[in-house]
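Since this is a predicted model, take the numbers as computed values, not measurements. Every number for a ligand or one of its atoms is a count from 1 in the order of the listing.
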Amino acid sequence: MVRRFALTPGEPAGIGPDLCLLLAGSAHPHVLIAIASHALLSDRAAALGLATRPQCVTPDAWPSEPAPAGTLYVWDTPLAQPAEPGHLQAANAPYVLETLTRAAQGCLDGSFAGMITAPVHKGVINDAGIAFSGHTEFLAQLTGTPQVVMMLATHGLRVALVTTHLPLKDVAASITPQRLEEVTRILHADLRDKFGIGSPRILVCGLNPHAGEGGHLGREEIEIIEPTLQRLRDEGMDLVGPLPADTLFSPKNLERCDAVLAMYHDQGLPVLKYKGFGAAVNVTLGLPIVRTSVDHGTALDLAGTGRIDTGSLQVALETAYQMTGR
Ligand SMILES: NC(=O)C1=CN([C@@H]2O[C@H](COP(=O)(O)OP(=O)(O)OC[C@H]3O[C@@H](n4cnc5c(N)ncnc54)[C@H](O)[C@@H]3O)[C@@H](O)[C@H]2O)C=CC1
Ligand SMILES: NCC(=O)COP(=O)(O)O
């Protein structure tokens, strides 16, 4: 059955608009609605020399069939200032958040089966005076979801995070039994319900070097991680760890593993991106809506050049299709 999805091109000075236009060069099995400035997309298509044309559509008359190759449906959302590839403008930060809000509200009210997001620039949104950590936290707040989980996946590896966008100095204090339990429950439930894995086996990283070396290099493993995992194991979850993060990611360990749960952003994501940058998807678990995203950032250096890889956006689209097709 044909479904309708929101596609947000993200930061207007970045590669998101380019990616969406390049993708619309081919036909898709579902209706994609880019929530963006029509002027931005027209200008960027011209700059890239693409034949793809943005076509305005509105919520009172959504198209029922996918766009033909070379057409990108757009729900026009005006910019504050014309965008220039590679040049961030804080004045356009509210525009970026408006596109995300329209997409998420459309998912909540049933207009969209899910949303697929191209990258935003977290810094420029904060420069505009708006506190913003990432899509993950923004969508949690917008949908009134107290805890969500960031998971990135590529061929042969899924990595979920206990903490997301916070300074390293705040990580240890954020690894509480309550957060770890909630994150593990969400990961376990969504692997089962959204990814069809009957009995997920999850490998859990320690926080400290060598998973604390028996308490000599930190006590979070003994006092927080192991007791929390044991409580959940007693309920029947297949959880292994806490394991030293430096050896957890070995082929032998990963052979029988449905996901790795890392304690923080730069513990898990460098491994995932080394394995599959450009072919990975970022999924927000625990939300009442389906949201997938690319594995990369705004790549300001490449905006408007056309020398970009659409692989991750393609995987993000396919993952959203799969998650909503169950
Ligand atoms: N989902 C999102 O909204 C994400 C947003 N970001 C944001 O992006 C901004 C820039 O982050 P960086 O760490 O510089 O990472 P980045 O991914 O933008 O760039 C890293 C390197 O990869 C290259 N690259 C990225 N995407 C590419 C593509 N599709 N094709 C070819 N080359 C590509 C860039 O040219 C650069 O050399 C930051 O503000 C960050 O917060 C980062 C990750 C995800
Ligand atoms: N490194 C992944 C990342 O930062 C994505 O953040 P979000 O915008 O999806 O929350």
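- Less than 4.0 angstrom separates some heavy atom of Lys273 from each of these atoms of ligand 2: 1 (N).
- When heavy-atom distances to ligand 2 are checked against a 4.0 Å cut-off, Val120 has no atom that comes that close, whether in backbone or side chain.
- Taking the side chain as every heavy atom from C-beta outward, Arg158 and Ile197 approach each other to under 4.5 Å.
- When His121, His135, His265, Glu137 are ranked by how near their heavy atoms come to atom 2 (C) of ligand 2, first place goes to His265.
- Of the residues listed (Glu220, Gln267, Arg219), the one engaging Leu207 in a side chain to side chain contact (heavy atoms under 4.5 Å, CB included) is Glu220, and it is the only one.
- Here the shortest heavy-atom pairing between Thr145 and Val148 reads CG2-CG1, 3.8 Å.
- Applying the ring pair (Phe, Tyr, Trp, His ring centres under 6.0 Å) test to pairs two or more places apart or on separate chains, those with a residue in residues 39-83 are Trp62-Trp75, Trp62-Phe112.
- Proximity of Leu269 to ligand 2, defined as any heavy-atom pair under 4.0 Å, is confined to the side chain (atoms from C-beta onward).
- Using a cutoff of 4.0 Å between basic side-chain nitrogens and carboxylate oxygens, Glu235 and Arg231 are not scored as salt-bridged.
- At a heavy-atom cutoff of 4.0 Å, ligand 2 is contacted by the side chain of Arg291 but not by its backbone.
- Residues Ala91 and Pro94 approach most closely at O-CD, 3.4 Å, considering heavy atoms.
- Counting the atoms of ligand 2 from 1 in the order shown, those under 4.0 Å from a heavy atom of Gly134 are 8 (O), 10 (O).
- Nearest to atom 5 (C) of ligand 2 among the protein's heavy atoms is Asn282 ND2, 3.4 Å.
- Looking only at heavy atoms of the protein, atom 3 (C) of ligand 2 is closest to His165 NE2, 3.6 Å.
- Of all the heavy atoms in Ala316 and Val281, the pair that sits closest is CA-CG2, 3.7 Å.
- At a 4.0 Å heavy-atom cut-off, the residues surrounding ligand 1 are Ile15, Pro119, Val120, His121, Lys122, His135, Phe277, Ser293, His296, Gly297, Thr298, Ala299, Asp301, Leu302, Ile308, Asp309, listed by chain and number.
- Below 30°, between 30° and 60°, or above 60°: for His265 and His165 the angle between ring planes is between 30° and 60°, a tilted geometry.
- Here the protein heavy atom with the shortest distance to atom 10 (O) of ligand 2 is Thr136 OG1, 2.5 Å.
- Residues Thr117 and Arg291 have side chains that bring a donor and an acceptor to within less than 3.5 angstrom of each other.
- With respect to Leu248, the side chain to side chain contact (heavy atoms under 4.5 Å, CB included) criterion is satisfied by exactly one of Val240, Val271, Leu243: Leu243.
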